[in-house]
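Comments concern the structure below.
Starting from 1, each residue takes its place in the sequence as its number. When a ligand or atom number is given, it counts from 1 through the structure's own listing order. Note that the coordinates shown come from a computational prediction; the quantities given were computed from them, not determined experimentally.
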Amino acid sequence: MFDRKTHHLGADPAGCAEAGALLRAGKLVAFPTETVYGLGADATNALAVAGIYEAKGRSRFNPLIIHVSGLDDAMKLAVFSPRAEELARHFWPGPLTLVLPSREGAAISDLALAGHSSIALRVPSHPVARAIIEASHCPIAAPSANRSGHVSPTLAEHVLEDLDGRIDAVVMGGASDVGVESTILSLLDERAVLLRPGGVTRADIASFLGYEPELVEHSSDEDAPLAPGLLKSHYAPKASLRLEAHSIREDEAALLFGTFRPQGLEKARLSFNLSSRGDLKEAAASLFSALRQLDHSGASVIAVAPIPDFGLGEALKDRLQRAAAPRS
Ligand code: TXA
Ligand code: MG
């Protein structure tokens, strides 16, 4: 079933034009965005969208984020309240996904929306992503370009580790600089609700809205996820994680932040400092890479030193807590 050749496309105008044409033709193309690499398919083409789930090995149909090139195209797909429009004008293009009522008759496949009457829309800022979406002339459904349950890819090489031979092409851009997925904000109710912390901080949104959006409780109920990405074990590496580690035990790998040195660090199989200068943005940009590298060390446990709670720290800790949660 997965005997296709995965073509490597350049992140140049010719590569983007080719990626757009492939998407338009129903193919699966992974491409860089400013958050993480996405696995794109024409969102109006259910077969193409089904290919996403197949390639990722997802065991359930979760709604996918629909990527468009600007507010005009987004407005064809969803009903924007005045507040939603203001938010979009302020934060787009960029790492904020808005969940809105979908527009009656919009051509998005149900599979992409997983049967929901709402739609999650995002306008990426990455120039390569933008060029590809424009070249495709269609809305692009794109989850992160990893096998289901694996860490999200921030490099084309990560995509190939998970999906080589399972997708049609990868656009070989560089590293995704935000490094964690987009923030998902639901505007379905009167008060905005944060479904997933991410690249735009809660503080940024709060200062715009004039109030702090509530973060929904993480659901561990596989049957009723509002945002299935919030399932606690979604981002798990093979090793288990031990959070708030102040010391390192025999055979563990260590994930560090800033200048804090856990006791017994010399025992670690491998250690990775997310940002020795304590910069949360730099930490976010290398988080998934770091987890992958530490996982490859063969350690059965990754000990994670304390990480601050503020700013992008919230998104980092959210990812780590989910990776640390017991797996079913
Ligand atoms: O940064 C990102 O958002 C990346 C890049 C590729 O754009 N994409 C991404 O997609 O993270 P994915 O599929 O890995 O995560 C999408 C999340 C899921 O948790 C899904 O349940 C939620 O968005 N979602 C999608 N549509 C939704 C909807 N209508 N209501 C609530 N949650 C929704
Ligand atoms: Mg994902």
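Pairing each heavy atom of Phe257 with each of Pro308, the nearest pair is CE2-CD, 3.4 Å. When all heavy atoms are compared, the tightest approach of Gly199 to Val180 is N-CG2, 4.0 Å. Of all heavy-atom pairs between Ser247 and Glu252, the closest is O-OE1, 4.3 Å.
Of all atoms in ligand 1, listed by their number and element, those nearer than 4.0 Å to a heavy atom of Leu195 are 31 (C), 32 (N). Against a heavy-atom cut-off of under 4.0 Å, Ser182 is close to the following atoms of ligand 1: 1 (O), 2 (C), 3 (O). Ligand-side atoms of ligand 1 in range of Pro63: 20 (C), 21 (O), 24 (N), 25 (C), 26 (N), 27 (C), 33 (C), range being under 4.0 angstrom from any heavy atom. When each atom of ligand 1 is checked for a heavy atom of Ser118 under 4.0 Å away, the hits are 28 (C), 29 (N), 30 (N). Listed by atom number, the atoms of ligand 1 under 4.0 Å from Glu181 heavy atoms are 1 (O), 2 (C), 11 (O).
Among Ala141, Pro143, Ser102, the residue whose heavy atom lies nearest to atom 13 (O) of ligand 1 is Pro143. The nearest non-hydrogen atom to atom 22 (C) of ligand 1, considering only Ile119, Ile184, Leu188, comes from Ile184. Within the set Ala142, Gly38, Ala78, the minimum heavy-atom distance to atom 8 (N) of ligand 1 is found for Ala142.
In this structure a side-chain-to-backbone donor-acceptor pair under 3.5 Å is present from Ser297 to Ala299.
Any N or O atom pair closer than 3.5 Å counts here, and Arg196 shares at least one such pair with ligand 1. Considering backbone and side-chain N/O of Ser144, one or more are found under 3.5 Å from N/O of ligand 1. Looking at ligand 1, you'll find an N or O of Thr35 within less than 3.5 Å of one of its N or O atoms.
Distance check, rounded to the nearest 0.5 Å: CG of Asp168 to NZ of Lys27 gives 5.0 Å.
Applying salt bridge (Lys or Arg N to Asp or Glu O under 4.0 Å) to Glu161 and the options Arg292, Arg166, Arg147 leaves one that passes, Arg292.
For Phe31 and His126, the distance between ring centers is not under 6.0 angstrom.
A salt bridge links Lys317 to Glu244: one of the charged nitrogens lies within less than 4.0 Å of a carboxylate oxygen.
Contact annotation: Ser144 places an N, O or S atom under 2.8 Å from the Mg ion (ligand 2).
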